[in-house]
Amino acid sequence: MVTEVNAVNFRQNLGEMLNQVQYRNDSILIHKDGKPVAALVDAELFARIRRMRDRFDELNNRIAEAYATVPEDDGMAEIDAAVAAERRR
């Protein structure tokens, strides 16, 4: 479950919210001036997110290196075609 709170409420109830995250595996979305600015998630989920981000960055770098000498328009057209073909599967 995701609970949304403003920053003041979060600060006032930090202990309770940490328990929500730790024991109930909830997530807290923190708003400031009506806009989401941060999220509190359990450490295991955060570790998974970091691993996924690292893997994404690795793949992104490999693609950038592979297409370094290809004109941008040609490269984007090839990537778009590959994505469209994969989505049709």
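Reckoned from all heavy atoms, side chains included, excluding hydrogens, waters and symmetry mates. Along the sequence shown, residues carry numbers from 1.
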Report, as yes or no, whether the 6.0 Å neighbourhood of atom CE on Met52 holds more than 12 heavy atoms from other residues, nucleotides or ligands.
no
Less than 4.5 Å apart, any side-chain heavy atom of Asn9 and any of Met17?
yes
What's the spacing between Arg50 CZ and Asp57 CG if we round to 0.5 Å?
12.0 Å
From Arg88 atom CZ to Glu86 atom CD, the distance as rounded to the nearest 0.5 Å
10.0 Å
If you define the side chain from C-beta out and look only at heavy atoms, does anything of Arg48 sit under 4.5 Å from Leu45?
yes
Find the distance between CD (Glu4) and CD1 (Ile30) and round it off to the nearest 0.5 Å.
11.0 Å
What I want to find out is whether Asp33 reaches Lys35 closely enough, with some N-O distance under 4.0 Å, to be called a salt bridge.
no
On a heavy-atom basis, the closest approach of Val21 and Val41 is CG1-C, 3.4 Å
Do Phe10 and Leu29 sit in the same hydrophobic cluster, where Ile, Leu, Val, Met, Phe, Trp and Tyr count as joined when their side-chain heavy atoms come under 4.5 Å apart?
no
Are Val5 and Leu18 in one and the same hydrophobic cluster, where Ile, Leu, Val, Met, Phe, Trp and Tyr link if side-chain heavy atoms are under 4.5 Å apart?
yes
Same apolar cluster: Ile63 and Val83, side chain cutoff 4.5 Å:
yes
From CG (Asp54) to CD1 (Ile49), nearest 0.5 Å
12.0 Å
Check step by step if salt bridge (charged side-chain N to carboxylate O under 4.0 Å, His left out) holds for Arg62 and Glu65.
CA-CA 5 Å; Arg62 286 175 54 197; Glu65 288 172 11; over 6 Å; no
Of all the heavy-atom pairs spanning Val70 and Gly75, show the shortest one and how long it is.
CG1-N, 3.6 Å
Test: Glu58 and Arg55 ion pair at under 4.0 Å:
yes
I need the Ile28 CD1 to Asn13 CG distance, nearest 0.5 Å.
9.5 Å
Note: Arg24 and Asp26 closest approach over all heavy atoms is NH2-OD2, 2.9 Å
Exam field: side chain Asn60 to backbone Phe56, donor-acceptor pair closer than 3.5 Å
no
